[in-house]
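Along the sequence shown, the residues carry numbers beginning at 1.
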Amino acid sequence: MADKSEKTKARLPRGFADRSAEDIRAVEKMMATIRSVYELYGFEPVDQPMIEYTDALGKFLPDQDRPNEGVFSFQDDDEQWLSLRYDLTAPTARFVAENFDKLPKPYRSYRSGWVFRNEKPGPGRFRQFMQFDADTIGTPGVAADAEMAMMMADVMEALGIKRGDYVIRVNNRKVLDGVLEAIGLGGEDNAGRRLTVLRAIDKLDKLGPEGVKLLLGPGRWDGGKEGEGDFAKGAGLDDAQAEAVLLATARNGQAGQDSGVSANAVYQEGVGELATIEALVRAAGYGEDRVLMDRSVVRGLEYYTGPVFEAELLAEIPNDEGQIVRFGSVGGGGRYDGLVSRFRGEPVPATGFSIGVSRLMTALKNLGKLDTSDVIAPVVVLVMDKDTESLGRYQKMVADLRAAGIRCEMYLGGAGMKAQLKYADRRGSPVAIIQGGDERARGEVQIKDLIEGARMSAEITDNAEWRAARPAQVTVAEGELVAEVKRILAAQAEERARGR
């Protein structure tokens with residue numbers, strides 16, 4: 001006998017999650033709805049592999065001997081570095097650049113799949129998660145960005161999220177870039193400080209203007225007071241610079257005259273593009289309750305070059321811990337004109353939107369918008385005798401039920417009747433089929449309605465009454481098996497519809 005100490009401990013890696021059948025079906029149901037909207041807009045499906053050459057993922061990865069900060073990387077046998085994709089956008093840019101001459105332009109496509117982040121995991125923060133993207137590549141004007149925002153509004157409503165419970169927020173990174181340039185943070189030397197500023201602005205909803213002002217300036221303690229929690233180093237802006245940033249990036253932001261922001265050409269270009277997007281979405285009938293211009297939207301990735309958007313759920317709903325919270329962002333995107341261009345050496349405009357599948361699924365389930373109760377567990381045919389002739393008869397029953405479109409399985413374990421019925425109960429099976437030697441001799445089968453049986457067993461307390469009632473069990477000729485199972489399943493469906 002092996003020493004217990006030699007056993008491998010079964011443990012899930014941090015930042016990863018197992019998925020149940022219910023979760024998988026819920027995701028598939030949700031994604032089918034999203035896919036239908038993408039298809040309605042004329043987007044076509046495409047897929048790229050989960051592994052790319054590391055340099056294809058962009059300059060946005062750290063420049064190190066082993067590029068494994070932020071991404072999972074390994075070296076191939078030809079000493080080339082490969083990485084698991086951290087999003088779906090960079091692989092899309094590589095694919096378009098590699099097949100540029102064969103693809104129609106604009107190129108409109110959608111894809112879904114797993115992405116990986118080599119980051120410290122935490123509550124709601126995973127190292128593997130699924131995204132569902134749509135991208136338009138080859139359209140320079142902001143009409144494509146306006147369309148993205150409108151399509152995301154349509155996705156939210158197709159999923160059953162009513163107006164007032166969501167909003168698509170739109171900003172422009174040129175507005176932000178112009179602000180930073182105007183206060184003296186332009187150029188490559190200030191790239192790190194610009195990123196710190198953008199990350200600070202992204203926390204406006206969470207920390208408020210005063211908390212963000214600390215992050216823009218000297219820094220902030222997590223607990224709100226000196227010495228409480230960890231210290232986040234600030235961007236080092238002075239008060240005037242910080243005020244200019246806060247003024248220009250408030251929800252209905254305006255440029256401060258004294259900072260020179262309003263005269264900045266990049267800022268003005270961004271403001272003009274936002275005005276065009278707003279005009280386009282309003283002309284199409286999308287009001288502020290659906291698509292809202294919001295100067296506080298940042299989006300974290302550095303490759304955005306123009307309009308950025310974020311889908312936010314406004315409804316207060318329970319989170320995974322049962323706490324009532326405002327759920328917040330479930331997806332976002334923006335214009336990334338530099339990603340394809342760096343492969344081609346020529347301008348290739350592009351814009352896209354990414355939905356965080358797991359996060360949106362959690363929100364929809366908690367809102368009661370993602371019901372998977374219409375999936376019926378399989379009927380179970382019990383194995384009472386294990387001789388070849390008996391097994392053949394059980395297999396024939398299973399085959400007949402499947403041919404009629406009924407989910408069904410033959411019990412393949414080694415346990416007796418009581419344990420088999422317990423198995424069917426754990427599976428949530430609606431019906432169990434039983435044929436022992438006596439029934440086989442008479443050409444009959446017993447059919448147990450497990451749903452009705454469970455209900456009646458809860459209501460009947462007297463043993464004599466139980467024996468007299470023989471709840472939810474019938475005996476029929478083998479030839480009537482399929483028809484009787486269909487009748488029972490139909491009755492169960494009717495009871496579910498009545499909410500019994």
Counting only N and O atoms by type, is there a donor-acceptor contact under 3.5 Å from the side chain of R299 to the main-chain atoms of R173? no
Residues S354 and D133: side-chain donor-acceptor under 3.5 angstrom: yes
K369 side chain near D165 side chain, heavy-atom distance below 4.5 Å: no
May I ask you to decide whether R487 forms a salt bridge with E484, counting only side-chain N to carboxylate O separations under 4.0 Å? yes
Do Y107 and V46 have side chains that approach each other closer than 4.5 Å (heavy atoms only, starting at C-beta)? yes
SB check K162 D289 (cutoff 4.0 Å): no
Heavy-atom pair with the smallest gap, counting every atom of M397 and V381: SD-CG1, 4.2 Å
State whether the side chain of R117 and the backbone N or O of Y86 hold a donor-acceptor pair below 3.5 Å, judged by distance alone. yes
What one should report as the nearest heavy-atom pair of Y304 and G333 is OH-CA, 3.5 Å
Between the side chains of D135 and Y336, is a donor N or O closer than 3.5 angstrom to an acceptor N or O? yes
Can you find a pair of side-chain heavy atoms, one from T139 and one from E147, that are under 4.5 Å apart? no
Heavy-atom closest contact (Q492 atom, V431 atom, distance): NE2-CG2, 4.3 Å
Y110 and Y38 aromatic centres sub-6.0 Å: yes
Geometric cation-pi criterion, R108 with F43: 6.0 Å, 45°: yes
Side-chain heavy-atom pair E452, I488 within 4.5 angstrom cut-off: no
Is atom CD of E22 surrounded by more than 12 heavy atoms (other residues, nucleotides or ligands) closer than 6.0 Å? no
Is it the case that more than 12 heavy atoms not belonging to K422 sit under 6.0 Å from its NZ atom? no
Do L481 and I447 have side chains that get closer than 4.5 Å, going by heavy atoms? yes
Is the count of non-hydrogen atoms from other residues, nucleotides or ligands lying under 6.0 Å from R442 atom CZ greater than 12? yes
